Structures are given as C-alpha cells and as structure tokens.
Engineer: 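Just dropping this structure here.
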Amino acid sequence: MDLTLSPQEEAFRDELREWLGANHPGEEPEGDEAGFEFRKAWQRKLADAGWAGISWPKEYGGRGATLIEQAIFNEEIVRAKAPQVANVLGLVMGGPVVIAHGTEEQKQRYLKPILTAEEIWCQGFSEPESGSDLASLKTKAVKDNGDWVVTGQKVWTTFAHEAKWCMLVARTDFDAPKHKGLTYFLMDMEQDAVQVRPLRQITGESEFNELFIEEARIPDENVVGGVGNGWMVALTTLMHERAGLAFGLQVQLKIALGQVMELAKEHGLDQDPVVRQKIAQLYIESEAIRLNASRGLTQIMKTGIPGPEGSLTKWMWSDTNQALTELAMDIRGPEAPIIDSDWTYRFLRARANSIEGGTTEILKNIVAERVLGLPRLR
Ligand SMILES: Cc1cc2nc3c(=O)[nH]c(=O)nc-3n(C[C@H](O)[C@H](O)[C@H](O)COP(=O)(O)OP(=O)(O)OC[C@H]3O[C@@H](n4cnc5c(N)ncnc54)[C@H](O)[C@@H]3O)c2cc1C
C-alpha cells in the first residue's frame, strides 16, 4: 500500500487537528460515574461536530469517510490525548455489525443513538464455560409467540452496568452442529429478567460484570443476520474489534514509549545499555505494529471485510504493551508495584491485554492457520 497521504487526506487530518486543538475537554474527572458522564459528553460533542462514526454512511449519521481517514482519525485522537468515548463497544462493534448484517429498520433504529452515546452497548459473548471456545456457549433462546425467551449466564461483560443494548449470542438450535445453532440478538438490558453484577478487577475498577439472564424477552425483529447465523455475525464483530483499534493503539505505544524514556532520564538510567536496548526493541515493535495495521487496512480496502491481520496486530500489541509497562516498573525500582501511581495502574491493567478480545494463544492459532497457512490443529 502507498503510505503517503493524498492532499484530501492531509486536509482531513489538518481539519481534525484544528478541531481537537480547539475542543479538547481537558482531563477526565476522578470516579467511575463522573468519568463515565464526562466520556458521554465528549462523545456527544464529537457526534454533533460530525466526528463520530467516521467511516459509517452519511445517511445513518456517519461521516462517510474512507477507511484511511478512519485510520487517520484513530491516530489523531490518541495523539491529541483526547479522552475515551463512552460507547466504545457500540462504535467499534455494534454499529459496524448492524451496518453489515442489519435490516434497514435496524439501521434506522440503532445507529444514531450509538453515535451520540444516548444508548450504550455491551457485548454478551463469553460464558463461564465458554470463552475461547465461544461456539460451545449454552445460553439458550426459545421462540415463544413472536418473542425469544432467553435463559443463561454471561461473564466479563464490559460496560453492562451502563448498557441499554447487549450484543447477545445464544443457542437457538440444540440439534445443529455447535457453530450452526447460534443466533445473534440485540437484547434490551432494561428488564428485570437481566441481572448485572459487577466484578472487581486487579486495578480496583469494575469495568466488567456477570450477567444472569432468567427468561428475558427479545422480540423477533431484534435478531441480526438471521436465525442460525450467529457465528458468522459474531465473527464479523470480533474482526471489527481487532481491526478498528490498531491505528490508535500503535500511537498510544509511541506516546507511552516517550514517557518511558523520560522516566529513564529521571531515574538516571537513560545511559544504561540494557534499558536502552529494551527501549529500542519496543520502538521497533511499535513500528512493526504500525506497518502491519496498514497491511490490515489494505486487506479491508480490497475485500470489504477485516482479514486475519488484525489478530496478528492484537497479539503484537498486547506483548509490546505488557513489556513496556514491565520496563517502566523495572526503571522505577523494586517498590514500584506497591506505589499507587499511574504506571502501577497501567502495569496491572496490561495483564488483561493478552486475554481481552481473544487470548494470545488463540490469536497465534489464527495467525498460524490463516496467515501462515499451517495445517489446522483439529
Ligand atoms: C478486560 C476484559 C474485558 C472483557 N470484555 C468482554 C466483553 O465485553 N464481552 C465478552 O463477551 N467477553 C469479554 N471478555 C472475555 C474474553 O473474551 C475472554 O476472557 C477470552 O475470550 C478468554 O476466555 P476465557 O476467559 O473463558 O478463557 P479460556 O477460554 O478458558 O482459556 C484459558 C486459557 O487456555 C488457553 N486456551 C484455550 N483454548 C485454547 C486452544 N485451543 N489453544 C491454545 N490455548 C488455548 C487460553 O489462551 C487461556 O490462556 C473480557 C475479558 C477481559 C480480560
């Protein structure tokens, strides 16, 4: 792919930089609820100015921009150290899935409130016995008078405590082979049959939850992509999750690397050959991630769907981010894990990187089979 920006892409980037310079909302306030409201207001501001759903069609409230412009947006927003948006899962996964597989009514109903963060989305895929082997999930949905009645348990459901809609995958056919018996639903979280219980993480936060679902009702019109097609629709969701984030993540790594260099200077370790070698290696890896993200983008532009390159990028990013935060802890010295600092938080949060959105072992299997063409394991 040609990595030079066209005059049109440069103009897009400059306009965005100027807007971000003039509209940056400042530091996020302390506290889960205050932070969430702040991110909601920030997303609303982005949406009002036409900076949400960059590559979504204009008719559904998007900007109708190219995928390269979407990648530029992801880079610039991180470079400007702009806050996170509130409805990450809706923007990165929910919207693209409804655009790809939804009916016209679903597009009209769901897309705009995703952009403005009026309706927050969560992803109900993982279950206590089904994470990596997602197709073995047991939550069941049974048809009853035009509705589906759903019973089961989900786990690690990020933002479920804030969400109006859940992208839920449930088993609708118990006789079909396991990948073929699944259906993808949009479940309204605002019903008594859905109980959300927070889980506390190693960082002290509770960004994810357990979901207990006891005869929840979902109208038939909330099936996405057809009954029995849940596996295919879920795969699209996961590929969007991996492909969409790469550009922002590599800029985040570069910013963090600059901070590690500052930290090394502060601790008199910037001339230490081992520290310098580790920093150089992290720089090389973050460059490889940037180039691989471009390779993934080329693939999407050619075929219209994200390819397995996203799995390679996500694996490389989680390894690199974990190594980077470990280096920061080493530089700070043996007391680092017990000091309640930003680096301690980042080090602890990074442990989840090689699990969330697909574990590193599973991503390695995908890369082996689908990128390198090695024989299938089973
Ligand atoms: C911060 C965070 C947020 C999350 N948010 C969500 C969310 O919003 N919605 C959601 O649905 N899920 C979410 N998850 C769940 C996540 O997708 C799962 O944790 C992940 O898919 C792994 O599943 P598991 O935890 O059941 O582990 P398991 O699948 O039980 O795996 C256990 C270990 O075995 C390894 N393993 C399993 N199978 C194989 C294999 N075939 N080959 C080699 N090794 C294998 C795994 O790599 C892992 O090391 C989140 C997780 C985290 C950490």
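Numbers for residues simply follow the sequence, beginning at 1. Remember, it's 1-based here, ligands and their atoms both numbered in the order they're listed. Because the structure is predicted, anything quoted here is derived from the model rather than measured. Note that these values count all heavy atoms, side chains included, but never hydrogens, waters or copies made by symmetry.
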Engineer: So if I apply the side-chain contact (heavy atoms from CB on, under 4.5 Å) rule between Phe208 and each of Arg200, Gln201, His161, which one comes out positive?
Structural biologist: Gln201

Engineer: Do the numbers put Lys154 on top of the ring of Phe212, so that NZ or CZ is under 6.0 Å from the six-membered ring centre and no more than 45° off the axis?
Structural biologist: no

Engineer: Can you list the ligand 1 atoms lying under 4.0 Å from a non-hydrogen atom of Thr359?
Structural biologist: 22 (C), 46 (C), 47 (O)

Engineer: Do Arg63 and Trp51 meet the cation-pi criteria used here (NZ or CZ under 6.0 Å from the six-membered ring centre, within 45° of the axis)?
Structural biologist: yes

Engineer: Would you say Glu127 has any N or O atom under 3.5 Å from an N or O of ligand 1, going by distance alone?
Structural biologist: no

Engineer: Is there a nitrogen or oxygen of Gln123 sitting under 3.5 Å from a nitrogen or oxygen of ligand 1?
Structural biologist: yes

Engineer: Can you find an N/O atom of Ser132 closer than 3.5 Å to an N/O atom of ligand 1?
Structural biologist: yes

Engineer: So, do Ile114 and Trp165 sit near enough that their side-chain heavy atoms are less than 4.5 Å apart?
Structural biologist: no

Engineer: Would you mind finding which of Thr158, Leu89, Thr203 brings a heavy atom closest to atom 5 (N) of ligand 1?
Structural biologist: Thr158

Engineer: With sequence neighbours left out, write down each residue that passes salt bridge (charged side-chain N to carboxylate O under 4.0 Å, His left out) with Glu205, or none if nothing qualifies.
Structural biologist: none

Engineer: By side chain to side chain donor-acceptor pair (under 3.5 Å), which residues pair with Glu285, not counting sequence neighbours?
Structural biologist: Gln281

Engineer: Would Ser130 count as a polar contact of ligand 1, with the cut-off being nitrogen or oxygen pairs under 3.5 Å?
Structural biologist: no

Engineer: Got a second to check how far Met329's CE is from Thr325's OG1, nearest 0.5 Å?
Structural biologist: 8.0 Å

Engineer: Specify side chain, backbone, both or neither for Phe159, according to which of its non-hydrogen atoms lie closer than 4.0 Å to ligand 1.
Structural biologist: neither

Engineer: Can you confirm if the NZ or CZ of Arg39 lies within 45° of the ring axis of Trp42 and under 6.0 Å from the centre of its six-membered ring?
Structural biologist: no

Engineer: List ligand 1 atoms under 4.0 Å from Phe208, heavy atoms only on the residue side.
Structural biologist: 1 (C), 2 (C), 3 (C), 52 (C)

Engineer: Taking non-hydrogen atoms only, is Leu134 closer than 4.0 angstrom to ligand 1 via side chain, backbone, both or neither?
Structural biologist: neither

Engineer: Output the list of atoms in ligand 1 that are nearer than 4.0 Å to some heavy atom of Asn365, sorted by atom number.
Structural biologist: 40 (C), 41 (N), 42 (N)

Engineer: Under 3.5 Å, N or O to N or O, is Glu207 touching ligand 1 that way?
Structural biologist: no

Engineer: Which heavy atom in Gln43 sits nearest to a heavy atom in Asn87, and how many Å separate them?
Structural biologist: OE1-N, 2.8 Å

Engineer: Using a strict 4.0 Å cut-off to heavy atoms of Ile362, name the atoms of ligand 1 that fall inside it.
Structural biologist: 38 (N), 39 (C), 40 (C), 41 (N)

Engineer: Purely on distance, is any nitrogen or oxygen of Trp156 under 3.5 Å from one on ligand 1?
Structural biologist: yes

Engineer: Give the numbers and elements of all ligand 1 atoms closer than 4.0 Å to a heavy atom of Phe125.
Structural biologist: 11 (O)

